[in-house]
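The sequence lines fix the lettering, A, B, ..., with proteins before strands; numbering per chain opens at 1.
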Protein chains: 2
Amino acid sequence: MVTMSDVAREAGVSMMTVSNVLNGHRRVVPPTRDRVLTAIEKLGYEVNLTARHLRSGRTDTVALIVPGFHDYYGDVADRIAPLVEEGGRRLVLERTGASPRSEIESLSVARLQMYDGVLLSVAGLDRERLESVRTKAPIVLLGEREVPQRFDHVQLANEEGARLATAHMLARGSRRVLVLGGAPGETSGMASLRRAGWETAHREAGVPADSALVVPLTTYSAHESREVLGGLLDAGVHVDGIFAVTDTVALGALAALADRGIGVPDDVQVVGFDDLDVGKYLSPGLTTIDPNHDEVARSAVRLLDRRMAGGDDPPEHVVVPVRLVVRGSTRA
Amino acid sequence: MVTMSDVAREAGVSMMTVSNVLNGHRRVVPPTRDRVLTAIEKLGYEVNLTARHLRSGRTDTVALIVPGFHDYYGDVADRIAPLVEEGGRRLVLERTGASPRSEIESLSVARLQMYDGVLLSVAGLDRERLESVRTKAPIVLLGEREVPQRFDHVQLANEEGARLATAHMLARGSRRVLVLGGAPGETSGMASLRRAGWETAHREAGVPADSALVVPLTTYSAHESREVLGGLLDAGVHVDGIFAVTDTVALGALAALADRGIGVPDDVQVVGFDDLDVGKYLSPGLTTIDPNHDEVARSAVRLLDRRMAGGDDPPEHVVVPVRLVVRGSTRA
DNA sequence: CTGTTAGCGCATTCAC
DNA sequence: GTGAATGCGCTAACAG
């Protein structure tokens, strides 16, 4: 391995001069600079980032830690990456994985040290686990769970999105709108917030909200959704609208309806949440809530940049506005 | 920050004993061991992974480098992660991004140093760029592009999958099977290999393959697929089967057909490639090729483990078998 | 089984 | 504008 001192010897300068040429912290006069650059080129030298990290304390790396790689954070991650790169850093993804052990490991001081800052998706983490994160390292939380006040946090306007979705169907004639994946009771967490928006829409429209139409899910998978909704339909539950708390849930719901020959949107209107790409290509297209990933990415990076710059402003809790995207699964 | 020497002092032992307790390289007698563990607990010590890396040369980290986070590699990544963890390492994802600059940076010696091994998805990289990767670090290439012989490589049985897909439609009566996203000419690269399989199926079935039915795409997006196929249909091209080179392309094709009221599978049969989850929930379900991600993950990690263990076996080029998954978009 | 020595490659600090 | 010394925190190699 060719090191900085090899380059220094080749160029006839000290290591410090090489270092300065590389990171530009101090001015180096052009002729010296050129000699160094020539030597670097000739020897094929590249800095050892690990040594730089140990010495300087900076890693120039930001981590986005997600529950799993396949989930919807991939889309957000692609929007976060260029913003992080603008700040001269790179983004890496880690996953917490399924086991509590690996989850805790992802959040250990040792691992957090590897990064200048961490964006942590809280989808898979309970509050207790978050409370136990002991570090003053820059962290911004992302996601729809309730989080400790002391963290910066970016989440969606869950309740507002659910209200928009439900009001849209009520305004188009639905009177029995099922909220698929909605949690009864409570007022925090994605499922509860979205159920609350469903209630608000009913109240505003003067339509009674039947609590029998709040149908919880455990995995929020399309598979579970299809099974659970199918069971209800087969049991004769009367439904003329479905607010699925995610597009994935909506996908399962559409399959359950199609399995039974129930027409969308004529018999039952359907609205999802997330604006997955697939929704555009279904027939009919899926009406949904656009979660505004660009704005999520911008907010998250803005908050993290502030922390990484050493800002000690009070924690900020950003709620990103969302909007309704109307397609064919609801009536004109 | 509490360091190893703090722990050593607290426990009344040398740093080496602390180090040995932590990494288990040498036996430490239980009473000593307990004193060390108690001191670690008391002080809340955690190793500095950067220092360990600089000293030992190991990072205990494997990187999976992909063109973008949102694409289909998320699914493979989730299967690779546990296998990497079994080997006592963690997996991180990086993306090459769009710009050639960041792509080259991802492959720089400096960055590759950060990892014990690298799994590199070649989807976004041309051969020239790969040739220029100068390092003897453990690397395994993943994906359907042609790659230099000197690398280990895992790819799908593209041609066989395409043959299965096309033969399935020909056997069920299609005589004008369009290959959407197939590249004319050549015999390397995903699109060409899949077109070759389409040709093979025709030859085996004794059906002439009309080269006018080879329709190239540039982005392989659902959007492009919908537009391109729509244009052909509107121009009156006669088609009674579509082999879409990816499920995403199939999604766009299904939308183009639905836009025009063309029935699937009665008027046109459709087969995709990738077995994306969404295919199960469409109506009708999408017949497709299961790319066997489990086997891709296993092969990739096996090859990488061998390189990381210092094996100097000749480069291995694994072709992972695929299978046809029959759903409603083709006839019974 | 445990300790001592040395140094991984770089950037901070202080000198000139 | 450039150089010399020092040490970030850890572990390999060698003693004992």
Trainee: Spell out, as yes or no, whether a donor-acceptor pair under 3.5 Å connects the side chain of A/D78 to the backbone of B/H70.
Mentor: yes
Trainee: When rounded to the nearest 0.5 angstrom, what is the spacing between CD in B/E144 and OG1 in B/T246?
Mentor: 12.0 Å
Trainee: I'd like to know if A/D75 pairs up with A/R79 as an ion pair, taking the criterion as any Lys NZ or Arg NE/NH1/NH2 lying under 4.0 Å from an Asp or Glu carboxylate oxygen.
Mentor: yes
Trainee: Going from OG1 on A/T32 to CG on A/N20, what distance comes out if it is rounded to the nearest 0.5 angstrom?
Mentor: 11.0 Å
Trainee: Could you tell me whether A/D6 and A/R9 make a salt bridge, using a distance below 4.0 angstrom between a side-chain N and a carboxylate O?
Mentor: yes
Trainee: Tell me, for nucleotides 9-16 of chain D in 5' to 3' order, what letter each nucleotide earns: B for a base near a protein heavy atom under 4.0 Å, S for only sugar-phosphate near one, - for neither?
Mentor: BBBBBBB-
Trainee: Nearest whole Å is fine: how far is D/dA4 P from A/R9 CZ?
Mentor: 13 Å
